[in-house]
A.B. asks: 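My structure is below; once you've seen it, I'll send some questions.
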Amino acid sequence: MTGIRVKRAYRAARISDGQRILVDRVWPRGMARERLRIAEWAKDIAPSSGLRRWFGHDPAKWDVFRTAYFRELDGKKPETTRILESLRNGPVTLVYGAKNDEMNNAVALKEYLERQLSACSASAADVEDNQAVRMSDQETSRNFEGGKDRGWQNAKLA
């Protein structure tokens with residue numbers, strides 16, 4: 001579990017939501033800021049107006065929308081990094097206004113952010129593996145240099 005959640009703006013805010021970030025370009029109709037209880041309105045991370053209008057929450061366009069939105073997000077590293085760094089302080093809830101709970105920009109953004117976290121975790125694991133190999137190589141070098149294993153010098157060359 002990543003600590004990234006999605007929640008419709010019209011559902012009540014809860015303490016368990018953690019930091020609530022509105023990720024829509026347009027403000028949810030009829031919602032007062034006090035009722036939303038958002039820490040931030042990150043409209044810069046929302047899909048472009050053209051992409052949002054083209055998608056129109058049409059389920060048939062969902063896969064193409066996600067691909068295009070991910071491409072847009074690739075160019076918004078500071079915004080995505082800010083949200084990922086917020087996870088250090090606890091859960092983050094991406095708040096959206098769409099009626100469709102399964103196919104909206106917050107769901108796509110959550111998927112994108114989770115992929116970024118997985119990539120970071122994989123990179124961190126690779127770094128740890130490389131450090132372990134380097135340490136093993138250093139140990140082997142010390143053993144050969146310190147005379148602990150000189151058997152290779154006594155081997156007959158063919």
Side-chain angles (χ1 to χ4, degrees), residues 1-140:
M1 178 120 164
T2 62
I4 303 173
R5 304 165 183 181
V6 294
K7 192 170 194 179
R8 192 159 186 247
Y10 302 96
R11 294 193 56 210
R14 304 262 184 237
I15 293 172
S16 61
D17 290 346
Q19 183 177 355
R20 293 169 50 90
I21 302 172
L22 179 62
V23 293
D24 283 343
R25 191 165 294 279
V26 295
W27 192 264
R29 281 191 187 141
M31 292 298 295
R33 187 175 191 100
E34 298 77 31
R35 184 164 175 227
L36 276 181
R37 295 185 183 167
I38 58 169
E40 177 184 356
W41 181 12
K43 53 183 151 185
D44 293 339
I45 206 165
S48 63
S49 295
L51 180 59
R52 181 178 55 82
R53 279 192 221 98
W54 172 83
F55 174 47
H57 302 285
D58 179 354
K61 296 179 179 178
W62 174 243
D63 290 332
V64 176
F65 168 78
R66 281 179 41 252
T67 301
Y69 185 36
F70 290 173
R71 216 172 304 124
E72 287 185 2
L73 289 169
D74 285 340
K76 298 179 179 186
K77 290 295 181 200
E79 292 86 352
T80 57
T81 300
R82 190 174 65 244
I83 292 175
L84 292 172
E85 287 175 352
S86 296
L87 287 168
R88 293 179 183 163
N89 301 323
V92 171
T93 299
L94 307 175
V95 179
Y96 63 93
K99 291 178 183 175
N100 188 328
D101 290 333
E102 297 172 8
M103 296 180 192
N104 62 65
N105 65 298
V107 170
L109 177 57
K110 178 181 188 249
E111 180 183 345
Y112 180 88
L113 294 171
E114 287 175 339
R115 286 183 183 182
Q116 297 300 307
L117 283 173
S118 294
C120 288
S121 296
S123 295
D126 288 345
V127 167
E128 287 176 14
D129 288 346
N130 289 338
Q131 287 174 341
V133 168
R134 266 196 308 270
M135 289 176 72
S136 176
D137 289 347
Q138 289 171 350
E139 177 78 18
T140 302

A.B. asks: Side chains of Asp101 and Tyr96: does their closest heavy-atom pair fall under 4.5 Å?
C.D. replies: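 SC-SC contact between Asp101 and Tyr96 confirmed.
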
A.B. asks: In Å and rounded to the nearest 0.5 Å, what is the CG to CZ distance from Asn105 to Phe65?
C.D. replies: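 It comes to 5.5 Å.
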
A.B. asks: Who passes side-chain contact (heavy atoms from CB on, under 4.5 Å) against Arg33, sequence neighbours left out?
C.D. replies: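 Residues passing side-chain contact (heavy atoms from CB on, under 4.5 Å) with Arg33: Trp27, Ile38.
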
A.B. asks: Between Arg25 and Ala46, which heavy-atom pair has the shortest distance, and what is it?
C.D. replies: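 Looking at all heavy atoms of both residues, the shortest contact is NH2-O, 3.1 Å.
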
A.B. asks: Name the residue from Leu94, Ile21, Ile4 that meets the side chain to side chain contact (heavy atoms under 4.5 Å, CB included) definition with Leu109.
C.D. replies: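 Among Leu94, Ile21, Ile4, the one that satisfies the side chain to side chain contact (heavy atoms under 4.5 Å, CB included) with Leu109 is Leu94.
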
A.B. asks: List the steps and the verdict of side-chain contact (heavy atoms from CB on, under 4.5 Å) for Val64 and Trp54.
C.D. replies: CA-CA 10 Å; Val64 176; Trp54 172 83; 3.6 Å; yes

A.B. asks: Give me the atom names and distance for the closest heavy-atom approach of Gly3 to Leu87.
C.D. replies: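 Scanning both residues, the minimum pair turns out to be O-CD2, 3.6 Å.
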
A.B. asks: Minimum heavy-atom separation for Arg8 to Ala98, with atom names?
C.D. replies: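 In this case the closest contact between Arg8 and Ala98 is NE-O, 2.7 Å.
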
A.B. asks: Please enumerate all residues that pass side-chain contact (heavy atoms from CB on, under 4.5 Å) together with Glu79, with sequence neighbours excluded.
C.D. replies: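 Testing Glu79 for side-chain contact (heavy atoms from CB on, under 4.5 Å), a comparison that skips the adjacent residues, returns Asp44, Ile45, Lys76, Arg82.
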
A.B. asks: The test is side-chain contact (heavy atoms from CB on, under 4.5 Å); show your working for Arg5 and Ser16 and say whether it passes.
C.D. replies: CA-CA 10 Å; Arg5 304 165 183 181; Ser16 61; 4.0 Å; yes

A.B. asks: Rounded to the nearest 0.5 Å, what's the gap from CZ on Arg11 to CG on Asp17? Could you check?
C.D. replies: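 Answer rounded to 0.5 Å: 8.5 Å.
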
A.B. asks: To the nearest 0.5 Å, how far apart are CG in Asp24 and NZ in Lys43?
C.D. replies: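 Between Asp24 CG and Lys43 NZ, I get 11.5 Å after rounding to 0.5 Å.
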
A.B. asks: Under 3.5 Å, is there a donor-acceptor pair between the side chain of Lys110 and the main chain of Thr93?
C.D. replies: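 No: the side chain of Lys110 does not pair with the backbone of Thr93.
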
A.B. asks: Roughly how far, to the nearest 0.5 Å, is the CG atom of Asn104 from the OH atom of Tyr69?
C.D. replies: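 Answer rounded to 0.5 Å: 9.5 Å.
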
A.B. asks: To the nearest 0.5 Å, tell me how far Glu85 CD sits from Thr80 OG1.
C.D. replies: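 With rounding to 0.5 Å, CD (Glu85) is 9.5 Å from OG1 (Thr80).
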
A.B. asks: Quick one: does Glu111's side chain get under 4.5 Å of Phe70's, heavy atoms only?
C.D. replies: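 Yes, close enough: below the 4.5 Å cut-off.
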
A.B. asks: Is Arg71 salt-bridged to Asp74, cutoff N-O under 4.0 Å?
C.D. replies: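 No, this pair does not count.
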
A.B. asks: Does the side chain of Lys99 reach to within under 4.5 Å of the side chain of Tyr10, using non-hydrogen atoms?
C.D. replies: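 Sidechains of Tyr10 and Lys99: no contact.
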
A.B. asks: Report yes if the side chains of Val92 and Leu113 come closer than 4.5 Å at any heavy-atom pair, otherwise no.
C.D. replies: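 Heavy-atom side-chain distance check fails, nothing below 4.5 Å.
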
A.B. asks: Taking all non-hydrogen atoms of both residues into account, name the closest pair between Leu84 and Gln116 and its distance.
C.D. replies: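 Leu84 and Gln116 have their closest heavy atoms at CD1-CB, 3.9 Å.
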
A.B. asks: Quick check against the 3.5 Å criterion: does Arg20 have a side-chain atom that pairs as donor or acceptor with the backbone of Leu36?
C.D. replies: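 A pair under 3.5 Å: yes.
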
A.B. asks: Between Ala9 and Gly97, what is the shortest heavy-atom contact and its length?
C.D. replies: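 Looks like CB-CA, 4.4 Å.
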
A.B. asks: To the nearest 0.5 Å, what is the distance between OH on Tyr112 and CG on Leu117?
C.D. replies: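 Between atom OH of Tyr112 and atom CG of Leu117 there are 11.5 Å.
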
A.B. asks: Which heavy atom of Ala106 sits nearest a heavy atom of Val6, and at what distance?
C.D. replies: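 Looking at all heavy atoms of both residues, the shortest contact is O-CG1, 3.5 Å.
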
